[in-house]
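The basis for the numbers below is simple: all heavy atoms, side chains too, and nothing from hydrogens, waters or symmetry mates. Not measured: the values here are computed from a predicted model.
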Amino acid sequence: MIAFDLGASSGRALLGRLNEGKIEVEELHRFPNDPVQVGDRLHWDILRLYHEIKQGLLKAKHQGVTPASIGIDSWAVDFGFIGRSGELLANPYHYRDRHTEGAMESLLTRVPANVIFGRTGIQFLPFNTIFQLYALKTAHSPLLQEGSRMLMIPDLLRYFLTGQMHNEFTNATTTQLYNPVSDRWDAELLKLLDLPASWFGGAPLKPGDHAGVLRASVCEELGVGPIPVTAVAEHDTGSAVVAVPALERSFAYLSCGTWSLMGTEVDMPVIGEMTQKLNFTNEGGAYGTFRLLKNIMGLWILQECRREWEREGHAYSFSELVLMAEKAEAFQAFIEPDDETFLPPGDMPSRIADYCRRTGQQLPRTHSQIVRCIMESLALKYRYVLRMTERLSGHRFNGLHMVGGGIQNTLLCQWTANAIGKPVWAGPAEGSAIGNLAVQWIAQGAFADIWEARRAIRDSFPVATYEPQDGPTWSEAYDRFVAVTKLAHD
C-alpha cells in the first residue's frame with residue numbers, strides 16, 4: 001500500500017508492506033508544503049501537492065512496486081471549489097489566511113453558538129469551514145456563484161487522481177456543517193446559511209470504502225495501471241488515532257506536530273453544555289467512533305520562532321533548539337499556547353514577549369529562554385486538557401499515548417510526563433501515514449479490525465516510555481501556569 005500523508009508543513013509518501021504480520025514502512029518521497037502569499041491572501045499550492053503525489057507514484061514504479069491501493073490524508077477545514085466544467089476554480093485558501101477575521105463573531109450573532117454546537121458537536125475555531133464559507137458569502141466571492149461542488153483537500157486531490165467527487169466522513173465532520181447524530185450534512189444549518197446542499201454531494205465515504213481508480217489520463221502520464229484508491233480516515237488526526245498502539249479500549253492520545261490534538265476515542269459524540277464551554281470537539285473517527293478532543297496550537301509557535309530567527313541569520317536545527325531549552329532556567333515565564341495572538345504567521349518571538357509583558361511576567365529575552373517558555377507551556381497545557389478530557393469522558397487514564405513527528409522532541413515527551421504526572425508512551429512517529437496504511441489493509445482483509453491493526457502496529461514499531469519526574473515542582477509550576485493564563489482551574 002502507499003499512504004500519502006500531507007501535513008501543514010510537509011508531505012510524504014510511505015510504502016507499507018506486511019511481512020508475517022509485521023508492518024514495514026519505507027519512505028518513497030518527502031516534500032515541503034509551503035503556503036504561497038499572493039497579495040493579501042495566503043493559499044495552499046494545491047497543484048504542487050498533486051504533482052508531488054504523482055512523483056511518489058513514479059518513485060514506486062521505478063522500484064518495481066505496483067501498490068494494491070493508495071490513500072490520502074491531510075489537515076482539515078480547508079477546501080476547493082470545482083466549477084461546472086469540472087475544473088478547480090481557485091487555489092484553496094490557507095486556514096491561517098486573514099479573510100475569516102470577524103466571520104465567526106458575525107455569524108454567531110445570526111445563529112447562536114449553542115444551536116451550531118448542538119447540531120454538530122464541533123469546537124469553535126475561527127478558521128472552521130463554516131466560517132470560511134460565511135466569509136466568502138460576506139465578501140460576495142464569485143466562487144460561490146461559479147462553484148458546483150466543494151471538496152476538502154484530500155477529496156480534491158483524490159478527484160484529480162480518479163475523476164470522482166466524494167467527500168469523506170472524518171473530514172466532513174470538521175466543517176461544522178455535519179450532524180454526527182443523524183450522520184448526514186445538516187440541512188437546517190445549510191438552510192440557515194443559504195448554502196446549497198448540492199455543493200456537498202451525497203453521503204460521505206467512510207474510512208475503508210473504495211473511492212475509485214486512477215483515471216486513464218493519469219495512468220497514461222505515469223505509465224502505471226488503474227491503481228485502486230481507498231478512502232482512509234482522511235483527516236490526518238483521524239489516521240493518527242487509528243495508529244495509536246493502544247491495547248486498552250479506553251485510552252488518551254496526543255497527536256503532536258504543527259498542531260497538538262489531545263483527546264480520547266468514544267463510541268458516541270459527547271455534545272453538551274460542558275463540552276461546548278470547554279470548546280472540545282467531536283470529530284468523526286474510523287469504524288463508528290468519534291474523537292472527543294481539543295486542538296492545541298502545538299509546535300507551530302516554535303516553528304514560527306525558528307523561521308523568524310532564520311530570517312535574522314540564526315539557523316537552528318530542531319535538535320539544537322531542544323538543547324537550548326534544556327540549558328535555560330526553568331519556569332521563568334508561561335504563555336497560553338491557544339491565545340489568538342499566536343494563530344497567524346509572523347514575528348512569534350515578539351508576540352511571546354508582548355504576551356509576557358501584558359500578563360506581568362518576566363520577559364524571556366534569549367532564544368533559549370523563549371524555546372523553554374514554549375515547550376514548558378505546551379507540556380502544562382497538555383496537563384490541563386488531559387484533565388478536561390477525563391472530566392468529559394468519565395474515564396481516568398493511566399497514561400498518555402503520543403504519536404506524530406513531535407515525539408522526536410524527547411525533551412517535550414519527558415516534560416509532558418512530568419506535567420501530567422503519568423507515563424507517556426511515545427510512538428510511532430509517522431502515526432498518520434501508518435494509520436492511513438492500516439485502514440487500507442483492513443479494507444483488503446489483511447487485518448480483521450482496528451484492534452488487530454493496532455496490535456500489529458504495537459509489535460512493529462518501537463514505543464518509548466517516559467516516566468514522570470519532579471512531581472511537586474511541576475505541580476507548583478502548573479498552578480502558576482493556570483493563574484497566569486487565567487484558565488478555569490480544574
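In this structure, Arg98 CZ and Arg41 CZ are separated by 10.0 Å, a value rounded to the nearest 0.5 Å. In this structure, CG on Leu156 lies 11.0 Å from CZ on Phe79, to the nearest 0.5 angstrom. One distance of note links NE2 of His166 with CG of Asp155; it measures 9.5 Å at 0.5 Å rounding.
Counting non-hydrogen atoms of other residues, nucleotides and ligands closer than 6.0 Å to CG of Asp267 gives a total of 12 or fewer. With a 6.0 Å radius and a threshold of 12 heavy atoms from other residues, nucleotides or ligands, Arg96 has its CZ atom above the threshold. At most 12 non-hydrogen atoms from other residues, nucleotides or ligands lie less than 6.0 angstrom from CD of Glu340. Summarising the local packing, CG of Asn398 is surrounded by 12 or fewer heavy atoms from other residues, nucleotides or ligands at distances under 6.0 Å. Dense packing is recorded around CD of Gln145, with more than 12 heavy atoms of other residues, nucleotides or ligands lying under 6.0 Å away.
The shortest distance between side-chain heavy atoms of Met375 and Asn409 falls below 4.5 Å. Side-chain contact between Pro245 and Pro428: present, with at least one pair of heavy atoms (C-beta onward) separated by less than 4.5 Å. By the 4.5 Å heavy-atom criterion applied to side chains, Asp236 and Leu6 are not counted as neighbours.
The closest donor-acceptor contact from the side chain of Thr230 to the backbone of Gln440 lies at 3.5 Å or more, if one exists at all. Although no hydrogens or angles enter the test, the distance criterion places a donor-acceptor pair under 3.5 Å between the side chain of Gln37 and the main chain of Gly39. Not one N or O on the side chain of Ser260 forms a donor-acceptor pair closer than 3.5 Å with the backbone of Cys256. Side-chain atoms of Ser106 do not come within 3.5 Å of backbone N or O of Gly102 as any donor-acceptor pair. With hydrogens and angles disregarded, no donor-acceptor distance shorter than 3.5 Å links the side chain of Asn167 to the backbone of Ala172. No donor-acceptor pair closer than 3.5 Å links the side chain of Asn91 to the backbone N or O of Asp45. Distance alone, capped at 3.5 Å, places no donor-acceptor pair between the Glu234 side chain and the Asn171 backbone.
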Could you walk me through whether Asn295 and Leu293 pass side-chain contact (heavy atoms from CB on, under 4.5 Å), step by step? CA-CA 7 Å; Asn295 282 49; Leu293 63 83; 3.6 Å; yes

Between Ile335 and Ile301, is the side-chain contact (heavy atoms from CB on, under 4.5 Å) condition met? List the steps. CA-CA 11 Å; Ile335 59 169; Ile301 303 172; 4.1 Å; yes

Under the criterion side-chain contact (heavy atoms from CB on, under 4.5 Å), I'd like the reasoning laid out for Leu205 against Arg158: C-alpha separation, chi angles, the key distance, then a yes or no.
CA-CA 12 Å; Leu205 298 176; Arg158 182 161 31 76; 4.1 Å; yes

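Ala76 and Thr174 make their closest contact through CB-OG1, 3.4 Å (heavy atoms, listed as atom of the first residue, atom of the second, distance). Residues Thr129 and Val77 approach most closely at OG1-O, 2.7 Å, considering heavy atoms. Between Leu14 and Leu437, the shortest heavy-atom contact is O-CD2, 4.1 Å.
Across Trp44, Phe127, Trp259, a single residue satisfies ring-ring contact (aromatic ring centres under 6.0 Å, His included) together with Trp75, and that is Trp44. Of the candidates Lys381, Arg351, Arg358, Asp339 forms a salt bridge (Lys or Arg N to Asp or Glu O under 4.0 Å) with just one, namely Arg358. Shown are Gln176, Arg119, Lys191; of these, the side chain to side chain donor-acceptor pair (under 3.5 Å) with Asp186 is made only by Arg119.
Note on Asp183 versus Lys206: salt bridge recorded, some NZ/NE/NH1/NH2 to OD/OE distance being below 4.0 Å. Of the charged side-chain nitrogens involved, at least one lies within less than 4.0 Å of a carboxylate oxygen, so that Arg311 and Glu308 count as a salt-bridged pair.
Ring centroids of Tyr466 and Trp415 are separated by 6.0 Å or more, keeping the two rings apart.
Aromatic ring pairs are classed by plane angle as parallel below 30°, tilted from 30° to 60° and perpendicular above 60°; the pair His401 and Trp425 is tilted. Between Phe342 and Tyr355, the two ring planes are tilted [angle within 30° to 60°]. Aromatic ring orientation, Phe334 versus Phe331: tilted (interplanar angle from 30° to 60°).
Remark: Arg454 is positioned above the aromatic ring of Trp451, its terminal NZ or CZ atom under 6.0 angstrom from the ring centre and at most 45 degrees off the axis.
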